[in-house]
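Step one of this worksheet: look at the structure below.
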Amino acid sequence: MGAKSKGRIPRNKKKSWKKQVDISEVDEYLDDVRLQERFGGLVSEKESDEIFTIDKSPDEVNPDVLLRQKRPKRPKVDQDNLRCFQNLKGLPGAKVPVKHNYIKDKRPEYIKAKTNRKKAASELLAAVSNDIALKKGEEKKKQLPKDPWADDETADPAGDWLEPALRKMRRCRTEGTVRRPLYMRVKRSLLPAVEPPHAGQSYHPEAADHSALLEEAVLVEHKKEADFQRWERQTTAKFPSRRPTEADWIKEMSGGLGEDEEEKGDDEKSVTLVKKVPKPKTRQQRRKMREREVAERQRLAAVTTRRSENEVFRVRTIAKELRAREARTVERQARRLERQCARASQPLTLGRERFEPTSLELNLTEELPGSLRNIRVEGDPLQERFKSLQKRNIIEPRVRTTQKKKFKRKRFDRITASDREPNKLKTERNF
Amino acid sequence: MTGSGKMKKKYASGEASWYMTRKQALDKLQVNLRDFRRLCILKGIYPREPIKRTRAQKGSTEKKTLYYKKDIQFLLHEPLIWKMWDMKARHKKIQKSKGKRDFEGAQRLNKGRPKYDLDHLVKERYPTFSDALNDLDDPLSLCSLFAIMPTVSKLSEALVSDCRRLTVEFMHYVIESRALRKAFISIKGYYFQAEVQGIAVTWVMPHHFVYMRPENVDMKVMAIFSEFYTTLLGFVNYRLYHSLNLMYPPKLALTGATPTDTCMSTRELDDERVAALNTPLARARLPDDADDADDDAELALMAAAAGEELEEVRRRRQRTRRLQRLFAGCRVFIGREVPREPMVFAIRALGGTCSWDASCAPGATYSETDETITHQLIDRAMPQGAKKYTSRYYVQPQWVFDSVNCGDLRPVQLYFPGVELPPHLSPFKEEEVTWGEYVPPDKLKLLGQLQGQLQGTEQAAAEDGVGDDPSSDEDEDQESADEKQEDEDNEESDGEEEGEDSDGDEEMEDEAAEDSAKAKMKVTPGKIEKVDDRKDKMKESKEDFWMRARMIKKKDKHRFYKLLKRKKLMQEEARLLTKKRQIVEKEMAERKRQEKKQMKKALAQT
């Protein structure tokens with residue numbers, strides 16, 4: 001069958017319709033519909049808000065000319081010293097071939113030797129000083145710091161999510177140095193490095209704030225006073241104010257001496273020196289005792305078994321007891337945690353000395369200045385820093401120790417007659 | 001016991017084996033106490049408190065200074081300790097040559113002493129930059145204190161000058177990045193708070209008076225601390241400067257602006273000018289404008305991190321933006337009786353310019369006679385015969401600090417010379433929980449000064465933020481978005497409900513609209529209608545509150561209702577008191593008016 005033109009298609013048969021009619025348009029349409037259905041449904045059936053979005057971006061504004069970044073200018077090219085023409089200018093390092101005319105040293109030998117010695121000394125000195133100068137130069141060069149955190153961006157500092165292999169690699173990078181233990185990164189205290197000042201410590205405070213500060217200071221003073229009173233009561237008040245006289249001493253020393261002698265006489269009468277010896281037990285007695293013991297043991301055993309059997313009925317009580325105990329444990333744990341938390345903001349005991357806070361800095365009402373010029377500075381900044389370090393457990397509180405030189409004293413025992421006498425007495429006592 | 005292996009020794013394991021006394025540590029490390037202390041401070045190793053002292057000290061009850069054994073073992077690997085051993089050996093040699101009266105040799109030995117540096121310790125102790133920033137309070141406070149120390153024999157001159165240089169450099173950074181947030185004049189010193197890369201850094205600058213050293217402070221220990229801190233600050237400054245494209249060491253953008261002083265060399269003068277904080281620094285190139293734009297995504301991230309609402313974060317950011325330009329346009333002249341450094345720092349850090357009498361100190365940029373000066377700080381009576389300028393306000397220095405904390409320029413008339421100043425409030429004071437009790441309006445004004453969140457200022461902030469996208473708060477609101485879609489379809493600006501109400505006119509309007517629309521067919525970006533759902537939100541939040549109240553346990557319920565009752569009582573009392581105050585104020589005004597009338601009458605009669 002040759003190619004038939006489209007105009008001559010038999011249209012009376014179904015078959016020819018099937019074969020010849022161009023249905024590509026319909027196919028395309030249907031393909032398109034399938035495609036749309038595959039990708040989220042027909043577009044024509046969609047709500048418009050599903051297809052379109054509101055343009056929220058602001059209108060484009062021309063960049064501000066003034067705010068444009070200025071680049072530093074390029075340095076001008078030195079036309080006379082272009083690198084490409086350098087070869088034309090001859091060799092830079094070549095020396096001019098000139099012969100030196102050395103003048104012979106005509107001085108006598110001994111003077112020469114002297115100067116040589118001096119020269120050697122000065123050379124040594126120069127070498128040393130040169131060394132120092134070199135070192136200084138190195139120091140100067142070093143003044144520009146290198147950035148230790150330069151690779152912060154590339155390497156993630158947290159590293160928790162990193163694979164262990166990668167972490168290990170990073171550890172290897174700090175080869176030769178021992179890694180800082182992680183626990184050292186925990187801060188020693190919860191207190192801030194610079195404690196915010198009390199509002200009443202303003203140079204020109206509000207009345208309420210200032211009175212609050214004064215109240216705090218008064219409380220501190222009251223506590224000090226109470227402490228002092230307590231010590232007085234417990235020490236000074238307990239001891240008599242006058243010194244004991246000799247009569248007192250004799251009285252104290254001879255306390256109860258006279259009474260003793262009187263009592264002694266009574267004792268001698270009452271005490272009988274004869275000790276009673278118990279009669280030996282008979283066999284019957286022994287047997288009966290044994291029997292009684294056995295019976296008692298059996299009774300006790302029965303009691304314990306009965307009790308343990310009856311425990312079954314105490315199940316609820318026991319459970320209650322257990323619950324009570326558990327509750328107590330939980331409560332105690334909570335209390336302990338609370339105590340620990342409270343301790344975290346308190347200075348710890350790090351050495352022999354205790355931490356002693358500085359007194360509260362304040363201006364009294366009459367000391368308040370009217371203006372900044374007449375400000376009355378309170379407290380010492382250096383001391384505050386020092387105490388802050390102690391308070392945050394970074395250094396331990398210490399007291400200054402001054403070493404006194406102790407000379408060893410030479411001792412001589414002078415032997416006199418009065419010194420000998422006690423010895424004599426000793427010998428007498430020995431006899 | 002014989003059956004289960006070796007007998008256990010007491011204090012061989014557990015807590016007793018964790019610790020080491022200081023003496024044991026000294027013996028192990030082979031250094032003396034002074035070196036040990038230095039090593040510990042530099043390495044950041046601190047004494048520890050044991051859980052049970054008797055156990056940790058192997059039965060001894062005396063209070064000893066204990067260290068972790070692991071810490072000491074860690075110290076053993078430190079390269080610094082090798083230097084210390086070298087130093088020890090050299091010291092012995094020096095002593096020996098001194099004993100032989102060979103002073104030259106001793107000098108030589110002394111000159112070549114081994115030097116150590118602490119650079120490696122910075123990275124070790126602060127593995128990331130943010131770690132270092134978090135720990136910056138201490139170094140800054142200590143260094144700004146050491147900067148004003150007199151150089152005596154016990155304190156090396158280099159240390160003091162380093163401290164001064166580094167603090168000045170840091171302050172320059174704060175100025176250039178406009179990072180200052182809070183400032184406070186206390187009787188203890190000037191407190192400043194800056195926000196450096198999102199981290200709040202607080203430090204104290206001492207008052208600049210003659211400094212007397214206290215007796216009971218171990219100066220050697222403090223010197224060691226400041227030695228380490230200067231190293232740390234050097235690195236931190238370097239990095240901070242590079243983040244702003246500033247040159248390090250700092251160079252002034254302008255040179256030779258003021259005439260050179262004959263007393264100083266040019267280098268000294270340059271240093272002094274840098275220390276004056278009064279000139280902007282030279283940059284390698286201008287900073288990018290990118291971070292100037294309000295990035296919503298970044299804001300949302302920040303809000304999520306802080307667990308706050310987006311609106312709150314945005315408002316705070318607007319406040320900081322405003323604060324950064326607070327003194328923009330202010331040209332301040334600082335009188336010679338006013339402490340210069342803190343004032344210059346506060347003014348310049350918030351966008352102002354300032355100057356002082358050129359005879360006071362180097363770095364002055366304009367003289368007192370300049371007519372463009374807007375404010376002059378003065379803290380004494382005007383000297384007789386001095387010329388007063390009408391073009392400027394004369395204010396007391398507190399005005400600067402109060403304005404910083406307020407976030408707005410305070411009214412100048414409160415700070416005129418000779419006027420009794422308003423109290424200087426602390427920005428560091430924590431906000432008290434209020435029960436809605438009565439607060440007198442005078443105090444309210446002062447509180448507003450701190451929070452800066454009064455209604456008026458808020459509106460100003462909203463007007464300021466032009467670049468903001470007003471729609472972003474309604475992003476999540478699905479319903480409102482749907483409504484808008486329908487609105488667009490209908491080509492109507494009204495909401496759905498209103499559309500239904502005016503049903504009859506709809507067609508007519510539609511036709512007319514179509515005609516006009518055809519005339520100018522054009523696609524324009526749609527405008528989003530603002531929906532005021534504040535009421536709904538209020539209602540919702542109220543419901544939420546009562547839902548949460550239901551969750552309260554039975555035993556706490558009583559307390560909850562008691563608190564509620566108290567709050568109600570307080571509010572009622574406040575209402576009554578405000579009413580009373582209004583009445584009293586009215587009466588006062590009335591009385592004043594009548595008095596005035598009478599005065600006028602009397603005058604007319606005479």
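As the structure is a prediction and not an experimental result, all values here were calculated from the model.
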Kindly say whether [Y] contributes a backbone atom to a donor-acceptor pair with the side chain of [X] at under 3.5 angstrom?
X	Y	answer
A:W149	B:Y126	yes
A:R188	B:P47	yes
B:R213	A:L382	no
B:H207	A:V377	no

Which portion of [X] sits near chain A, non-hydrogen atoms under 4.5 angstrom:
X	answer
B:V236	both
B:P206	side chain
B:Q193	neither
B:R48	both
B:K188	both
B:P339	side chain
B:D71	both

Heavy atoms only: give me the nearest [X]-[Y] pair and the separation to one decimal.
X	Y	result
A:P148	B:K123	O-CD, 3.2 Å
A:A199	B:F184	O-CZ, 4.4 Å
B:I187	A:S202	CG2-O, 4.2 Å

Show me the side-chain donor-acceptor pairs of residues 349-360 of chain A shorter than 3.5 Å, one per line, residues at least two apart or across chains.
residue	atom	partner	partner atom	Å
A:T349	OG1	B:E49	OE2	3.1

| Checking side-chain contact (heavy atoms from CB on, under 4.5 Å) for the pair B:D218/A:R400: CA distance, chi angles, key distance, verdict? | CA-CA 8 Å; B:D218 194 344; A:R400 193 174 188 158; over 6 Å; no
| Rounded to the nearest 0.5 Å, how far does CD of A:E195 lie from OH of B:Y191? | 8.5 Å
| field | Stepwise side-chain contact (heavy atoms from CB on, under 4.5 Å) check, B:N216 with A:F386 | value | CA-CA 10 Å; B:N216 50 358; A:F386 189 61; over 6 Å; no
What I'd like to find out is whether the side chain of [X] reaches to under 4.5 Å of the side chain of [Y], using heavy atoms alone.
X	Y	result
A:M184	B:I45	yes
A:L389	B:Y46	no
B:T202	A:P196	no
B:D402	A:H204	no

| query | Under 30°, 30 to 60°, or over 60°: which ring-plane class applies to A:Y183 and B:Y68, parallel, tilted or perpendicular? | reply | perpendicular
| message | Strictly below 4.0 Å, N to O, side chains only: are B:R22 and A:E396 in salt-bridge contact? | response |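 Counted as a salt bridge, because a side-chain N and a carboxylate O are separated by less than 4.0 Å.
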Top contributor to chain B contacts, counting heavy-atom pairs under 4.5 Å, from [options]:
options	result
A:P197, A:S371, A:A193	A:P197
A:G370, A:G379, A:P181	A:P181
A:E47, A:R343, A:K387	A:R343

| Over 12 foreign heavy atoms within 6.0 Å of CD, A:E366 | yes
Which one wins on heavy-atom pair count under 4.5 Å against chain A: [options]?
options	answer
B:T65, B:D379, B:L421	B:D379
B:R125, B:Q396, B:E420	B:R125
B:D137, B:D135, B:L142, B:V217	B:V217
B:E62, B:E78, B:K64, B:M222	B:M222

Under 4.5 Å from any heavy atom of chain B, what part of [X] do you find: side chain, backbone, both or neither?
X	result
A:E384	side chain
A:P205	backbone
A:Q340	neither
A:K187	side chain

| message | Using the side chain to side chain contact (heavy atoms under 4.5 Å, CB included) definition, which of the options A:H198, A:Q201, A:E361 pairs with B:S186? | response |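 Going through the options one by one, the only one that passes is A:Q201.
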| Quick one: which of A:R179, A:R180, A:R185 gives a salt bridge (Lys or Arg N to Asp or Glu O under 4.0 Å) with B:E124? | A:R180
| task | Applying side-chain contact (heavy atoms from CB on, under 4.5 Å), run through A:L372 and B:Q398 and close with a yes or a no. | result | CA-CA 8 Å; A:L372 185 58; B:Q398 195 190 318; over 6 Å; no
| query | Does any pair with a residue in residues 368-382 of chain A pass salt bridge (charged side-chain N to carboxylate O under 4.0 Å, His left out), and if so which ones, sequence neighbours excluded? | reply | A:E367-A:R376, A:R376-A:E378
| task | Determine, stepwise, if the pair B:V221 / A:R398 fulfils side-chain contact (heavy atoms from CB on, under 4.5 Å). | result | CA-CA 11 Å; B:V221 165; A:R398 290 185 300 135; 4.0 Å; yes
